[in-house]
Amino acid sequence: MSNQWAKDSLSLRKKILETQYARLNGKQKEAVFHTEGPLLILAGAGSGKTTVLIQRIANIIRYGNAYESTEFSPELSETEYELLTRYAAGDEGVDRRAADALLSCRPAKAWQILAITFTNKAAGELKDRLYAMLGDEGNDVWASTFHAACARMLRRDADRIGYTSHFTVYDTDDSRRLMKDCQKALNIEERFLPVKAILGEISRAKDSGLSPKEYAKTAGSDFRLSKIAEAYEMYQRRLREGNAMDFDDLLLNAVNLLESSPETLDYYQNRFRYVLVDEYQDTNRIQCRFIKLLAGKWKNLCVVGDDDQSIYKFRGATIENILYFEREYPDAHVIRLEQNYRSTQNILDAANGVIANNSERKGKTLWTGNGEGEKLSIYTADNEQNEASYIVDVLIEQAAKGRSYSDFAVLYRMNAQSNTIEKNLVKSGIPYRIIGGHRFYERKEIRDMIAYLSVINNPGDEVRLRRIINEPKRAIGDRTVNLASEISEGLGISLFEVLTHADEYERLQRSSQKLMGFAAMITELMEFNAAHEESLHELYEHLLEKTQYIPSLDPHSDDTQTRIENIHELASNLLRFETEHDEVSLSAFLEEVSLMTDIDNYNAAAESVVLMTMHAAKGLEFPYVFLPGFEEGIFPGFSALMNPTEIEEERRLAYVGITRAKEKVYILHADSRMLYGSTNRNRLSRFAQEIPEELTEKSRTRQWEKLDSSLRRPEDAKLSRAATTQSAYTIGAGQANPSAASLYFPGERVSHKSFGEGEILKVTAMGNDALLEIAFDTVGTKKLMSNFARLKKI
DNA sequence: CCCTGGCCGCTTTTT
DNA sequence: GCGGCCAGGG
């Protein structure tokens with residue numbers, strides 16, 4: 001083969017590959033084609049980073065390092081060269097598989113690729129898109145969260161670190177219960193050291209890879225720290241005794257497993273030729289170590305992150321990891337993705353304007369080809385009620401224009417803000433969903449059911465055993481359980497074991513029948529599970545029957561019906577799990593459940609407005625975004641005001657919030673706000689003021705709403721007059737086309753097809769439409785758009 | 001053992 | 001303003 005021939009072949013190969021990924025921009029292509037060695041992708045919001053990740057994986061599987069490699073094996077024959085020439089020319093008749101085989105250079109098998117994300121949702125999306133692109137082979141890619149990947153490794157080799165493969169994963173609530181227990185046993189007053197504080201400290205210790213012993217050394221003579229060390233020691237011992245791990249243990253134990261077992265490390269290092277990590281700015285130290293270990297052999301490690309979107313510092317995430325990456329891998333290739341495909345230029349300029357005030361950043365300026373778009377609107381409300389009703393008004397107005405409710409998101413700083421907005425949405429009959437708040441798996445009845453299943457799976461789990469031992473009431477009180485627990489501690493056996501032979505212990509004589517009855521029931525359920533392992537829903541039915549949980553619920557309580565529905569909902573979840581998974585077992589189900597969160601169930605297609613925190617919204621996008629509570633003391637939050645680093649973290653959160661929007665951002669703030677039962681006056685957030693003025697449009701509470709406000713105080717009136725003169729009304733200015741408005745008058749009676757009959761209280765012109773406030777006889781007062789409402793006069 | 005009334009306290013939280 | 005948690009009486 002002549003040099004010229006080889007050169008031609010290579011350039012032909014490049015040309016073909018380029019056309020395969022023609023829809024990507026230059027930087028994106030660079031990221032896709034650079035497969036070997038460490039790679040850092042700094043990807044701005046909306047820069048198509050998920051697409052890049054997926055295409056990159058697909059490229060590795062299809063073509064390997066074909067683009068950058070100078071080797072071509074085997075050497076091309078003349079017919080093969082011709083085949084490629086035709087392929088390059090776009091000839092449809094070419095055998096694609098044959099051509100791909102010729103083009104590729106050391107492609108990887110799908111199972112050699114590990115892609116780590118932070119949410120199950122992101123992992124699921126990755127899996128789905130890989131499947132769509134690669135078919136069944138796509139399923140072989142390990143696409144999972146850090147925690148799920150660790151759990152999977154630990155299940156396999158649990159015995160190597162002193163666990164059984166049926167170990168239970170504790171969530172925050174379980175951890176708290178356990179810690180409370182430990183504090184009681186160690187006489188550590190909660191007012192001296194709150195549960196949360198100790199757990200936070202332990203979490204930090206685990207992040208640094210410190211065992212209880214090592215932590216105790218660092219504590220030195222500090223009294224508080226040494227108490228925490230004691231608590232840590234006991235907490236960890238109890239977890240181990242219960243064959244349980246908390247979230248941090250999943251990572252810590254996985255790292256310990258890899259570091260202590262050379263065979264295991266070897267196996268995974270050889271296996272994972274390519275490792276990809278999404279949202280790298282949110283990784284903590286232990287996650288960084290985990291990744292480093294896995295990618296240790298091939299060093300084909302690609303991390304994607306955006307320092308400007310680092311909003312989990314408070315949980316141990318450290319931007320250091322990005323800086324460290326370049327230090328650890330000096331030959332790392334760095335690619336910046338700055339072209340945004342999501343938002344308008346105005347939105348990006350606003351976000352850029354805000355984030356530019358942060359000093360600690362790598363520096364990056366987003367731009368887009370999407371055009372300027374609308375200005376951001378900044379609305380000043382009198383109070384939080386008015387802020388909420390403004391959101392509702394805009395929603396109604398936009399819905400009247402044919403916008404779908406699912407195009408809107410309300411993103412706030414803290415969950416407590418959702419209440420007022422929720423009530424206003426209910427009042428107007430607007431469909432909505434709240435992400436966060438009470439999650440399905442956090443409801444009491446569901447937690448109880450999960451606890452039963454956990455105990456059946458792992459009877460050593462004392463925390464969950466205690467949760468259900470008297471639920472429903474079996475006349476087994478705390479005293480008895482504590483007594484039994486002490487006995488078990490003394491004998492070094494599990495609490496459950498003590499319960500099974502309760503009559504053998506004199507101190508338990510009085511309640512031994514009840515304890516043994518309970519233990520026998522659990523044993524029976526365990527046997528049932530062993531005999532019908534594939535049928536989780538049957539086990540569940542049996543469990544409900546045996547425990548008489550549903551009949552025990554108070555029939556006079558308002559929420560009993562909802563609880564029963566939730567219990568049945570869990571049954572369908574079990575059934576769904578059985579049909580969706582090849583390998584069905586109780587442990588597998590419990591593992592999935594323990595790592596699941598609310599956001600995973602978010603479905604963008606559902607026809608409703610979505611409410612969530614800005615944290616939860618990361619990675620999502622919406623045409624219209626409302627950002628209520630842009631006030632000093634709310635956002636940035638009260639405790640961040642005095643602390644420059646925390647202010648910077650809040651500012652990044654503001655950046656995340658603004659960049660969620662594709663078309664329009666509504667920033668809202670209230671002159672006075674009731675929160676936690678007391679009213680405060682807050683100034684407009686600095687973040688709103690950091691947006692260049694020419695990008696914004698300001699407005700404030702309209703007169704007709706002010707008249708309506710019963711909460712109004714004299715000083716408000718004065719304030720609003722001053723503000724009104726300097727800023728124009730934008731939305732729903734009163735002097736629009738009066739035609740629709742003149743159809744209806746206050747006092748008239750009308751009928752609506754779902755709300756029934758009512759009396760018009762107020763009519764306000766809005767564009768060609770009119771906003772009607774109607775007091776319905778049965779469903780209360782609602783605001784409706786007249787064109788939309790199809791009212792009949794009576 | 002279990003129910004009820006008063007009191008505290010309260011960012012964000014992918015897992 | 002509301003819910004979770006503990007103490008005391010039934």
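Throughout, a chain's letter reflects where its sequence line sits, starting with A, and its residues are numbered from 1. Note that these values count all heavy atoms, side chains included, but never hydrogens, waters or copies made by symmetry.
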Determine the contact category for [X]: base if any of its heavy atoms lies under 4.0 Å from a base atom, sugar-phosphate if only primed atoms, P, OP1 or OP2 are that close, otherwise nothing.
X      : answer
A:T480 : sugar-phosphate
A:K444 : nothing
A:E646 : base
A:Y312 : base
A:L251 : nothing
A:N120 : sugar-phosphate
A:F314 : base
A:E650 : base
A:G677 : base

Item to check | Residue whose nearest DNA chain B nucleotide is more 5′ - A:R413 or A:L250 | outcome: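 Closer to the 5' end of DNA chain B: A:R413.
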Checklist entry - Of A:K473 and A:A317, whose closest DNA chain B nucleotide lies nearer the 5' terminus? => result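 Taking each residue's closest nucleotide, the earlier one in sequence belongs to A:K473.
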Checklist entry - At under 4.0 Å, does any side-chain N or O of A:N415 touch on OP1 or OP2 of B:dT13? => result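 A:N415 to B:dT13 OP1/OP2: side-chain N or O found under 4.0 Å.
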Next on the checklist: Is the phosphate of B:dT13 approached by A:T613 (side-chain N or O, under 4.0 Å from OP1 or OP2)?
Outcome noted: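 For B:dT13, OP1/OP2 do have a side-chain N/O of A:T613 under 4.0 Å.
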Next on the checklist: Checking A:V593 now: which residues fulfil side-chain contact (heavy atoms from CB on, under 4.5 Å) with it, not counting sequence neighbours?
Outcome noted: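 Here the qualifying residues are A:Y441, A:I450, A:F589.
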Next on the checklist: Output the rounded distance in Å from CZ (A:R673) to P (C:dG1).
Outcome noted: 15 Å
Item to check | Distance in angstrom units between A:N419 CG and C:dC2 C1', rounded | outcome: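 My rounded result for the distance is 9 Å.
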